[in-house]
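Written below as structure tokens is the structure these notes are about.
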Amino acid sequence: MTVLITGATSGIGLACAKLFAKNKYNIVITGRRIERLNSIKNQLEKEFGVVVTSLNFDIQNQVEVKNAINNLKNNNINVDVLINNAGLAAGLSTIQNGELKHWESMIDTNVKGLLYITKEISNWMIEQKTFGHIINIGSIAGKEVYPNGNVYCATKHAVDALNKAMRIDLLPYNIKVSSVNPGMVETEFSIVRFDGDIDRAKKVYEGIVPLKPEDIAETVFWIFNRPAHVNINDVVIMPTAQANSTINIRKN
Ligand code: NDP
Ligand code: 8X3
């Protein structure tokens, strides 16, 4: 069985790649940072003896997505499980002060990119007429909205809607569709959100024990590992110290 994880060069995607490889699944890892892809591929193949295929493309670019998946098909690498993880938040501003380039990168990655790859892989799964599982990484931001989160929250609400819609459309083809919606996870997420401002990113997690990427990977793996007749539709997972997007307890 082969598991394709989008956005496996850091954070949640990387933790998923490691956990599936550790459990002896062949994996396909994707991302834009080719040096990281190469070093992760070498490390995981050496450590776990599985086949790791790396695909270097920008998920915002539909032609690049299509070519990358055609490349897999030409090499007879069938994808059984798709983990739709690649995504980002860019900026944290009111709607009136938001930056267009931030909005576009979030919409193009979190919504359009997810759609591009899902279309390719779901059609391929249907052609294979066997098993398929798509696991979407949403967010607590897809369940509620918070001040200044506007467009990021909108993209994750879209993922929540698509998760439900895909489940209906793919039902006749024995393709499971699930989602994991985390609260705060300490990854490169906040560094990206704040355009590389590491000090500002660190403050997000100050005084709180956030989730680790491995917590999400374990949840994804558990969802994947349920018996054939069981599908986990939707999981919301939060740090114990975070009740919702805006209410949490911090220690000084
Ligand atoms: P990271 O920034 O650590 O990882 C994001 C991954 O997505 C990277 O591997 C990055 O690879 C990839 N990615 C981003 N943009 C693109 C693109 N245009 N094309 C291809 N790959 C891309 O963040 P997280 O691990 O935290 O985020 C993973 C997912 O989890 C996202 O969908 C995020 O919204 C979601 N999430 C995160 C939470 C958090 O608190 N951290 C909470 C809830 C959900 P590269 O840069 O190499 O292209
Ligand atoms: C990431 C969680 O609360 O920063 O999706 O939006 S949050």
Side-chain angles (χ1 to χ4, degrees), residues 4-18 28-40 54-62 64-65 68 83-92 101-102 104-114 116-117 135-160 162-163 179-196 198 200-201 203-205 208 210-217 219-220 235-239 242-248:
L4 188 158
I5 305 141
T6 67
T9 55
S10 73
I12 295 168
L14 176 57
C16 289
K18 286 181 178 166
V28 181
I29 55 174
T30 87
R32 290 163 302 177
R33 287 171 288 183
I34 190 157
E35 302 80 15
R36 287 201 189 190
L37 285 174
N38 290 339
S39 95
I40 294 162
S54 69
L55 295 177
N56 178 220
F57 63 89
D58 185 337
I59 206 160
Q60 298 173 90
N61 184 317
Q62 194 257 335
E64 285 186 26
V65 173
I83 303 176
N84 271 327
N85 166 75
L88 80 164
L92 188 67
K101 77 170 181 358
H102 282 159
E104 278 162 4
S105 73
M106 290 187 280
I107 293 165
D108 289 351
T109 309
N110 302 355
V111 184
K112 290 168 70 180
L114 180 143
Y116 296 153
I117 196 152
I135 304 176
N136 296 307
I137 306 299
S139 169
I140 188 64
K143 304 288 182 183
E144 11 173 312
V145 291
Y146 54 86
N148 302 318
N150 42 64
V151 176
Y152 178 67
C153 294
T155 65
K156 289 297 179 176
H157 274 70
V159 174
D160 194 44
L162 288 169
N163 183 59
S179 74
V180 180
N181 298 278
M184 232 182 259
V185 190
E186 191 164 11
T187 61
E188 294 178 14
F189 177 84
S190 293
I191 300 172
V192 172
R193 172 170 244 173
F194 299 130
D195 290 326
I198 291 178
R200 192 173 173 201
K203 287 204 172 68
V204 173
Y205 311 106
I208 204 164
L211 294 167
K212 299 189 291 291
E214 292 75 18
D215 297 318
I216 310 308
T219 307
V220 168
V235 171
V236 176
I237 171 169
M238 304 292 282
Q242 188 185 13
N244 61 28
S245 288
T246 49
I247 301 173
N248 53 57

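Start at 1 and go down the list; that is how both ligands and their atoms are numbered. Side chains are part of it too, since the values below use all heavy atoms of this structure and drop only hydrogens, waters and symmetry mates.
- Residues Q60 and S105 form a side-chain contact, since some pair of their non-hydrogen atoms from C-beta on lies under 4.5 Å apart.
- Applying the 4.0 Å criterion to heavy atoms of D58 picks out, from ligand 1, the atoms 17 (C), 18 (N), 19 (N).
- Nearest non-hydrogen protein atom to atom 8 (C) of ligand 1 is T9 OG1, 3.5 Å.
- No side-chain heavy atom of N150 sits under 4.5 Å from any side-chain heavy atom of V145.
- Aromatic rings from F189 and Y152 are positioned such that their centres are separated by under 6.0 Å.
- Considering T30, L37, V65 as possible partners of L55, the one that fulfils the side-chain contact (heavy atoms from CB on, under 4.5 Å) test is T30.
- In terms of heavy-atom proximity, H157 sits nearest to A141 at ND1-O, 3.0 Å.
- Each of N163, N84, D160 was compared with S179 under the side-chain hydrogen bond (donor to acceptor under 3.5 Å, both in side chains) criterion, and only N163 meets it.
- In terms of heavy-atom proximity, S10 sits nearest to R36 at CB-NH1, 3.4 Å.
- Using a 4.0 Å cutoff on heavy atoms, A141 does not count as a contact of ligand 1.
- Scanning the protein for heavy atoms near atom 40 (O) of ligand 1, the closest one is V185 N, 2.9 Å.
- Using 4.0 Å as the threshold, G138 has a heavy atom nearer than that to some atom of ligand 1.
- Under the 4.5 Å side-chain criterion, counting only non-hydrogen atoms from C-beta, T6 is in contact with I59.
- Close approach of ligand 1 to G183 (heavy-atom distance below 4.0 Å) involves ligand atoms 40 (O), 42 (C), 43 (C).
- Interface atoms of ligand 1 facing A8, defined by a heavy-atom separation under 4.0 Å, are 9 (O).
- For the pair R200 (side chain) and F194 (backbone), a donor-acceptor distance under 3.5 Å is absent.
- Under a 4.0 angstrom heavy-atom cut-off, K156 registers as being in contact with ligand 1.
- The single protein non-hydrogen atom nearest to atom 32 (O) of ligand 1 is N85 O, 2.8 Å, given as residue, atom name and distance.
- Contact check for R193 versus V204: no side-chain heavy atoms found under the 4.5 Å cut-off.
- The distance criterion of under 3.5 Å between nitrogen or oxygen atoms is met by E188 with respect to ligand 1.
- Proximity of a side-chain donor or acceptor of N85 to a complementary backbone N or O of I137 within less than 3.5 Å is not detected.
- Those atoms of ligand 1 that come under 4.0 Å of a heavy atom in G11, given as number and element, are 3 (O), 25 (O).
- At under 3.5 Å, not a single nitrogen or oxygen of V192, backbone or side chain, sits near a nitrogen or oxygen of ligand 1.
- At least one heavy atom of R193 sits less than 4.0 Å from an atom of ligand 2.
- Considering backbone and side-chain N/O of G13, none are found under 3.5 Å from N/O of ligand 1.
- Within ligand 1, counting atoms from 1 as listed, the ones closer than 4.0 Å to a heavy atom of M184 are 40 (O).
- At a heavy-atom distance under 4.0 Å, atoms from both the backbone and the side chain of R32 approach ligand 1.
- With ligand atoms numbered from 1 in the order given, ligand 1 contributes 33 (C), 34 (O), 36 (N), 44 (C) to contacts under 4.0 Å with heavy atoms of Y152.
- Among all non-hydrogen protein atoms, the one lying nearest atom 12 (C) of ligand 1 is G7 CA, 3.5 Å.
- Each of I216, D215, T187 was evaluated against P182; a single residue qualifies, I216, per the side-chain contact (heavy atoms from CB on, under 4.5 Å) test.
- Scanning the protein for heavy atoms near atom 43 (C) of ligand 1, the closest one is P182 O, 3.2 Å.
- Looking only at protein heavy atoms, the nearest one to atom 2 (C) of ligand 2 is S139 OG, 3.7 Å.
- Using a 4.0 Å cut-off to heavy atoms of F57, the atoms of ligand 1 that qualify are 19 (N), 20 (C).
- Short contacts between ligand 1 and I137, defined as distances under 4.0 Å to a heavy atom of the residue, involve ligand atoms 30 (O), 35 (C).
- Counting heavy atoms closer than 4.0 Å to ligand 1, residue Y205 contributes nothing at all.
- Closest to atom 21 (N) of ligand 1 among all protein heavy atoms lies A86 CB, 3.8 Å.
- In summary, the atoms of ligand 2 found under 4.0 Å from a heavy atom of A141, numbered by their order in the structure, are 6 (O).
- Contacts with ligand 1 closer than 4.0 Å are made by heavy atoms of both the backbone and the side chain of I12.
- Under a 4.0 Å criterion applied to the non-hydrogen atoms of Y152, ligand 2 contributes the atoms 1 (C), 5 (O), 6 (O).
- At least one donor-acceptor pair closer than 3.5 Å links the side chain of N56 to the backbone N or O of R32.
- In terms of modelled atom types and a separation under 3.5 Å, the side chain of E144 and the main chain of S245 share a donor-acceptor contact.
- Regarding atom 26 (O) of ligand 1, its nearest protein heavy-atom neighbour is T187 OG1, 2.6 Å.
- Here the closest heavy-atom approach between residue I237 and residue L211 is recorded as O-CD1, 3.4 Å.
- More than 12 non-hydrogen atoms from other residues, nucleotides or ligands lie less than 6.0 angstrom from NZ of K143.
- Atom 4 (O) of ligand 1 has S10 OG, 3.1 Å as its closest protein atom, hydrogens excluded (heavy atom only).
- Shown in contact with Y146 at under 4.0 Å from a heavy atom are these atoms of ligand 2, numbered in order with element: 3 (O), 4 (O), 6 (O), 7 (S).
- Across all their heavy atoms, T246 and Y146 have their closest contact at CG2-CB, 3.8 Å.
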